[in-house]
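So the structure is just underneath, and the comments pick up after that.
Every chain is numbered from 1, with letters handed out A, B, ... down the list of sequences.
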Amino acid sequence: MHVYRTHFCSELRSSHVGQTVRLSGWVFRKRDHGNLLFVDLRDHHGVTQVVVDRDSDAFALTESLKLESVIRIEGKVLSRGADKVNPDLPTGEIEVKAASVVLLSEAAELPFPIFGNAEYPEEIRLKNRFLDLRREKLHANIVLRSQVISSLRRRMIDQGFTEFQTPILTASSPEGARDFLVPSRIHHGKFYALPQAPQMFKQLLMVAGFDRYFQIAPCFRDEDARADRSPGEFYQLDFEMSFVTQEDVFAAIEPVLYGVFDEFSKGRSVTKPPFPRIAYKESMLKYGSDKPDLRNPIVISDVTEIFKDGPFAVFAKSIDAGSVVRAIPAPNAGPRPRSFFDQTNQWARDEGFAGLAYINFKGGEGGGIAKNLGPERVAQLVEKMGLGPNDGVFFACDKPGNAAKLAGLARTRVGTELDLIEQNTFKFCWIVDFPMYEWDELDQRVIFSHNPFSMPQGEMEALESKDPLDILAYQYDIVCNGIELSSGAIRNHKPEIMYKAFEIAGYDQSVVDEKFRGMINAFKYGAPPHGGSAPGVDRIVMLLADEPNIREVILFPMNQKAEDLMMGAPSYVSEKQLRELRIAIVGDPKKSANPGS
RNA sequence: GGGGUCGUAGCUCAAUUGGUUAGAGCACCGGACUGUCGAUCCGGAGGUUGCGGGUUCGAGCCCCGUCGACCUCGCCA
């Protein structure tokens, strides 16, 4: 007999009755009847009821066992009898009568119970992540994550992709997020950087002729956290393909995403390929966002023309000064109390906007600003937006960027409040035709709006002849239920176009040569046209596990301040280590106190 | 760095307008109990109400400061 177990805690059935078995696991739950006690023994696989009675030698020990202690039991499998079966447990037909119980590892008093699904403060959970991971939901999330990753791998390989590992210690790059820096011991004053993504490496793999690359790639970015953004590190299904157009990339990844979402959907519906393509500009207008949640049926309209030079002076004046008006319909919300409209307006003000005007229709009769606007213009509005006799409509009037943003937030809020968000579905779309550049108000200059390695639509000719802010890129995002899963592009593989593109953003050739040396050099020796993308693995699992917080699908996440409370990272290091690196800590002496030396 | 919410027993929460000794459930300790599966019943221990200051006859509650957590803006492929 194996020293620890003959079966998993999930395995035993009526067919095992009469056998002598050995099980090992954690004391999940104990029910003490004085002369008879029950232990629910749990391992990774499941739970089995163990019963011990007074005449057993194991009784005293079992009685004193603390929850979550690790034990090994040995005994006979008994049938429970019809009235005692537990239908909620796969092993509920049987129990094991313990002849012997061995304590393998005793547990101290727990900071929170493992049993049940009550919520506990994250700080305690993160500090005791190994305990939290024992709990059913988190344990299941992590298993799901593993299954999703193997499914992604299998599907990518089936599509003709090959997996490669790329370096973790690389060079700092000037664009994009803040890098994590790693000081070099050998080269004083120089630093490695952890890759924000294996962007240049995967492009070099294309130049190297590997045709189709993928990797479940760790990415490191020293930026602040959000609920859907883990601080420090995360994983992407990074992939790249040679000799492809944008449509080829879509055709390659759509079945992978559809397949994996369908596989783990548990009955939820999934958009079938091809996913809808929405131009960036259209998305900003209709959904007020570049990551629209298509479960929300509300569509925003531009109604600037209806308010222009009209009697509603606040808006008319603002339009003259360059504002636009975006209208957000609130289907069948017309008869709602005035408080619904006022609160929504107040919410907009709390968000830092000027507010939301509204009209509420009741039986076709418009309230709110309807009388300020006048019957003729209200009629135009109803016609243009196709409003029903009991609809409400909100108006955001601001400069185009802000108006779109407010309209987008209002769309989400109204859709949620009116319970219009379709449940149990994954709605995918592509956002395409992103602008190549945008205007940075802060620095008063043109900057890359996304990845600087994207190919501008129209290539060199567009760069030379068009207003930079009018140039579109072969740049695309995958969005699912309002969450940006992935960003990708057809890359710029021609050095002369690359130099020109960077020149427009204010970098001269020497900067490109220095900062992107490896890649620009490679492009001079025959580079295939190529493109790819990189869906976020954590976010995919988050959606499939239906978790609003990304930390619930990561084994050992850091907290919002990028600290690992369990391991104590980041930490001070010894003077010796610092000396070797020739690093001196300067600045706030309170903060540079170094207990590690 | 800014804004919001929160902070009471190991954990989840309660405590009337500011008013006697800050309560309950789970967990823990002791006792009873041979069919439970969130076992049940009886008892016990457990608190500098995050921390510091202020107002008051009196503060968990009001005021100021500070620390921490989460959410968010900035930031971010």
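- If you check B:rC26 for Watson-Crick or wobble pairing at under 3.5 angstrom, you find it paired to B:rG10.
- For B:rC71, one of the phosphate oxygens OP1 or OP2 lies less than 4.0 angstrom from a side-chain nitrogen or oxygen of A:Arg551.
- Between the side chain of A:Glu223 and the base of B:rG74, no donor-acceptor pair of N or O atoms lies under 3.5 Å.
- Aromatic pair A:Phe115/A:Phe28: centroids less than 6.0 angstrom apart.
- Closest to the side chain of A:Asn549, from the set B:rC71, B:rG35, B:rC33, is B:rC71.
- The partner of B:rG35 is absent, by the rule that a Watson-Crick or G-U pair needs both atom distances under 3.5 Å.
- Contact annotation: side chain of A:Arg229 to base of B:rC75, donor-acceptor pair present below 3.5 Å.
- In this structure, of B:rU36, B:rC75, B:rC29, it is B:rU36 that holds the atom nearest to the side chain of A:Glu95.
- Between the NZ atom of A:Lys561 and the C1' atom of B:rC67 there is a distance of 9 Å, given to the nearest Å.
- Salt bridge status for A:Lys291 with A:Asp477: absent, with no side-chain N to carboxylate O gap under 4.0 Å.
- Looking at A:Val21 and A:His16, their side chains never come closer than 4.5 Å, going by heavy atoms from C-beta outward.
- Residues A:Arg221 and A:Asn559 both approach RNA chain B. Their nearest nucleotides, taken by heavy-atom distance, put A:Asn559 toward the 5′ side.
- For B:rA39, one of the phosphate oxygens OP1 or OP2 lies less than 4.0 angstrom from a side-chain nitrogen or oxygen of A:Arg29.
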Open item on the list: The test is ring pair (Phe, Tyr, Trp, His ring centres under 6.0 Å); show your working for A:Phe250 and A:Tyr476 and say whether it passes.
Closed with: CA-CA 10 Å; A:Phe250 293 2; A:Tyr476 38 81; 5.0 Å; yes
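- The side chain of A:Gln49 contributes no N or O atom lying less than 4.0 Å from OP1 or OP2 of B:rU36.
- Here B:rA39 presents its C1' atom at 11 Å from CG of A:Leu36, a figure rounded to the nearest Å.
- Of the listed residues (A:Leu543, A:Leu237, A:Val479), just one forms a side-chain contact (heavy atoms from CB on, under 4.5 Å) with A:Leu485, and that residue is A:Leu543.
- When the C1' atom is compared between B:rG1 and B:rG46, the two are found 41 Å apart, to the nearest whole Å.
- A:Ala227 comes within 4.0 angstrom of sugar-phosphate atoms only, judged by non-hydrogen atoms across all strands, and of no base.
- Checked against B:rG35, B:rC33, B:rC28, the side chain of A:Phe38 finds its nearest nucleotide in B:rG35.
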